[in-house]
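For reference, the structure discussed in these notes is given below.
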Amino acid sequence: MTQRSKRTALARAAAILSALVVTALAGCSSREFPQTIFEPHSDYARWIQSLNVQLIFWVTVIFVLVQGTLIVAAVRFRARPGQPDPKPVHGNTVLEIAWTLAPAVILALVAVPTIQTIFRTQAVMPKGALKIEVTGHQWWWEFKYPDLGVVTASEMHVPVNKPVVLELQSADVIHSFWFPAVGGKRDVVPGHPNRIFFTADTTGTFPGQCAEFCGMSHANMRMKLMIDTPEAFAAWVAHQKTAAIEPDSTSAAGKGKAIFAGAACIACHTVDGVSAGIIGPNLTHVASRTSIAGSMYPNDAEHLAKWIGDAPGRKPGSLMPAMSGLGITADQIPMIVAYLQSLK
Ligand code: CUA
């Protein structure tokens, strides 16, 4: 191979490699991978994204240099028939200084933006931010808005373009709060409150989940982020603050309420005006949510009934027991479902 054709081959290989990398990254779109980190929707997520891109750049440079040198050395200096053994070489001061200095310089170039990002994300929280107390439970997320008087679960609503501060705490073991669209992750440690702040810049619904192994149903500890317009957020808050709906006592929902109020349900769940349990999610407006069971199932009659009948069978390790074993009969379940569906 002539020198020129070698160079052409090398250029072609580099072009193919770049095309592959770009295609692979473009493939990480939110359509196929809703939990992608490559489509940031908040200031925090953009800082992380920028850091990520810089790191990918440097590791790509290192990869190409190291692998390129390796391939050139392997091809050019390979053993050929009839050739004598090569002479052993000992030490090369220039080379040794170079391969000590080069990684040090690259590490420094990586350290500067990394430390800058750490300080940025740990800065004093912005004034006037909306405070949300996030509690990780095995295996669902609770969201309290102390200044708005709202408590909900599994689905967190935030207004677009407004700073939000999340105060993270755990009710039991270590969890990790992670909504890839707005940044993270941040560990949720018992007895050690953490916080994270961001300003979301796009409306939409984005998935998130616990990112720290926390027991049997860790993978089922999911959540949804609803980034609303200011008007939609205000409407959501106003609705969540309304009293629980009182069903007609002769309807299925009314009968369901009586069963709910007389059963073990009230030991764990709050429905304003009916019960005050704090172990499970607050159900005052459960029907206004799109999912149940730590955002694992859609919030519809079929899944509610299956969940009430046998929660541990639907979610391994669930702290909610099978209500069928606690005196709730199969014909009572549809009435409880009707009641829960009335809690809009
Ligand atoms: Cu909570 Cu994993």
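Counting begins at 1 with the first residue of the sequence. Since this is a predicted model, take the numbers as computed values, not measurements. Just follow the structure's listing: the first ligand is 1, and inside any ligand the first atom is 1.
- Annotation: side chain of Val110 is in contact with side chain of Leu55 (closest heavy-atom distance under 4.5 Å).
- When distances to atom 2 (Cu) of ligand 1 are checked against a cut-off of 2.8 Å, Cys210 contributes an N, O or S atom below that limit.
- When the N, O or S atoms of His175 are ranked by distance to atom 1 (Cu) of ligand 1, ND1 comes first.
- Using a 30° and 60° split on the angle between ring planes, Phe177 and Trp141 fall in the perpendicular class, above 60°.
- Taking 2.8 Å as the threshold, Met221 counts as a candidate ligand of atom 1 (Cu) of ligand 1, since one of its N, O or S atoms lies below it.
- Residues Ala129 and Val165 share a closest heavy-atom pair of CB-CG2, 3.6 Å.
- Not a single N/O/S atom of His218, whether from backbone or side chain, sits less than 2.8 Å from atom 1 (Cu) of ligand 1.
- By the neighbour-count criterion of 12 heavy atoms within 6.0 Å, atom CD1 of Ile278 is sparsely surrounded, having that number or fewer from other residues, nucleotides or ligands.
- In terms of distance to atom 2 (Cu) of ligand 1, the nearest N, O or S atom of Glu212 is named O.
- For the ring-ring contact (aromatic ring centres under 6.0 Å, His included) condition, the pairs that include at least one residue of residues 281-333, sequence neighbours left out, are His239-His285, Tyr297-His303.
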